[in-house]
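These notes are about the structure you will find just below.
All heavy atoms count here, side chains included; hydrogens, waters and symmetry mates do not. Chain letters run A, B, ... following the sequence lines, proteins first and then strands; every chain starts at 1.
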Protein chains: 2
Amino acid sequence: MKHSLDTYQLFFGSLSNPNRLQIINLLRKGKRNVTEICQDTGFEQTMVSHNLKRLETCGMVFATKVGKYKYYALNKKTIRPLMKMIDEHMHEYCEHVVHKKN
Amino acid sequence: MKHSLDTYQLFFGSLSNPNRLQIINLLRKGKRNVTEICQDTGFEQTMVSHNLKRLETCGMVFATKVGKYKYYALNKKTIRPLMKMIDEHMHEYCEHVVHKKN
DNA sequence: ATCTTATATGATAGAAATATCATATGATAT
DNA sequence: ATATCATATGATATTTCTATCATATAAGAT
């Protein structure tokens with residue numbers, strides 16, 4: 001581990017929230033602005049903005065402003081192979097697991 | 001994403017706790033039983049057991065019982081490349097980040 | 001200039017995760 | 001057989017995270 005525990009905690013914590021995961025999953029289909037993300041997910045605007053900010057902080061999404069719209073794109077370079085790795089891990093070790101809330 | 005949001009949440013949530021991260025980091029050096037983990041980290045026994053259970057549920061560590069001792073080993077096949085990937089990501093995108101609690 | 005639309009920010013109540021406490025189980029030693 | 005050591009489990013107070021609310025900023029549109 002090259003970085004501080006805090007940094008790993010921030011990174012993994014960003015991926016341990018179902019709403020953020022849904023946003024990530026949506027952005028795999030392509031760029032979206034905040035309003036579009038709200039429409040596609042059914043989430044509230046402020047919640048989406050808060051969560052996008054956290055994802056951006058972690059370098060998981062990139063933002064580009066176009067007029068009054070702000071488009072968010074997934075960092076595919078990281079997220080794609082990460083998810084692939086996790087999926088393979090789960091297939092091998094977690095297929096049986098049922099997630100009870102903590 | 002091939003699995004349920006709940007499963008990803010469980011997986012990433014397991015890695016977003018500083019005590020579990022420290023345990024993982026310790027186990028990179030080799031197998032340890034619970035008492036040894038407590039000694040090496042300074043953590044309480046019950047807390048360590050609870051956290052080891054969660055890591056085991058996620059397939060991040062494997063346990064083998066030897067008499068009254070239970071040895072925990074890291075799932076290096078997953079954790080090593082995972083951490084390598086995250087370290088590279090952080091080096092590229094998060095070098096500036098300072099983690100304020102939430 | 002003012003209104004509307006798009007997005008962001010700060011504060012906080014409520015929800016969820018965590019460490020700790022009390023106790024249980026299981027293994028070995030005496 | 002019982003005392004001790006190693007580990008696990010269940011309950012809960014406390015800490016931490018989250019969604020929501022109220023409001024701000026900024027860009028078009030009228």
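- Picking from dT18(C), dA6(C), dT7(D) the nucleotide with the shortest atom distance to the side chain of R54(B) gives dT18(C).
- Nearest nucleotide to the side chain of K65(A), out of dT9(D), dA26(D), dT18(D): dA26(D).
- Taking the six-membered ring for Trp and thresholds of 30 and 60 degrees, Y8(A) and H3(A) have ring planes more than 60 degrees apart, a perpendicular arrangement.
- By the 5.5 angstrom centroid cut-off and the 30-degree plane limit, H50(B) is classified as not stacked against the base of dT18(C).
- For dT18(C), the OP1/OP2 oxygens have a side-chain nitrogen or oxygen of N17(B) closer than 4.0 Å.
- Listed pair Y72(B) / dA8(D) meets the phosphate criterion, a side-chain N or O lying under 4.0 Å from OP1 or OP2.
- Y71(B) comes within contact range of no nucleotide atom at all, as no heavy-atom separation falls under 4.0 Å.
- Rounded to a whole Å, the CE atom of M47(A) is 15 Å from the C1' atom of dG14(C).
- Heavy-atom distances to DNA chain D give each of E56(B) and N51(A) a nearest nucleotide, and the one nearer the 5′ end belongs to E56(B).
- The side chain of K53(A) contributes no N or O atom lying less than 4.0 Å from OP1 or OP2 of dA8(C).
- Between the CZ atom of F12(B) and the C1' atom of dA17(C) there is a distance of 18 Å, rounded to whole Å.
- In a base pair of the Watson-Crick type (N1 to N3 plus N6-O4 or O6-N4) or a G-U wobble (N1-O2 and O6-N3), with each distance short of 3.5 Å, dT9(D) is matched with dA22(C).
- Between K70(A) and dA8(C) there is a side-chain N or O to OP1 or OP2 distance below 4.0 Å.
- Under the 3.5 Å distance criterion, the side-chain polar atoms of R80(A) are left unmatched by any main-chain donor or acceptor of R28(A).
- Between Q45(B) and S49(B), the side chains place a donor N or O and an acceptor N or O closer than 3.5 Å (distance only, hydrogens not considered).
- We find that OH of Y69(B) is positioned 16 Å from P of dT4(D), with the value rounded to whole Å.
- Within the nucleic acid shown, T46(A) comes within 4.0 Å of at least one base atom, counting heavy atoms only.
- We find that CD of Q39(A) is positioned 12 Å from C1' of dT5(C), with the value rounded to whole Å.
- Which of dA26(D), dA6(C), dT9(C) sits closest to the side chain of K68(A) comes down to dA6(C).
- When atom types are taken as modelled, the side chain of R54(B) and the backbone of L10(B) share a donor-acceptor pair closer than 3.5 angstrom.
- The base of dA6(C) lies outside donor-acceptor range of the side chain of Q45(A), with no N or O pair under 3.5 Å.
- With dA8(C), dA8(D), dC21(C) as the candidates, the nucleotide lying closest to the side chain of E44(B) is dC21(C).
- Using a 30° and 60° split on the angle between ring planes, Y71(B) and Y69(B) fall in the tilted class, from 30° to 60°.
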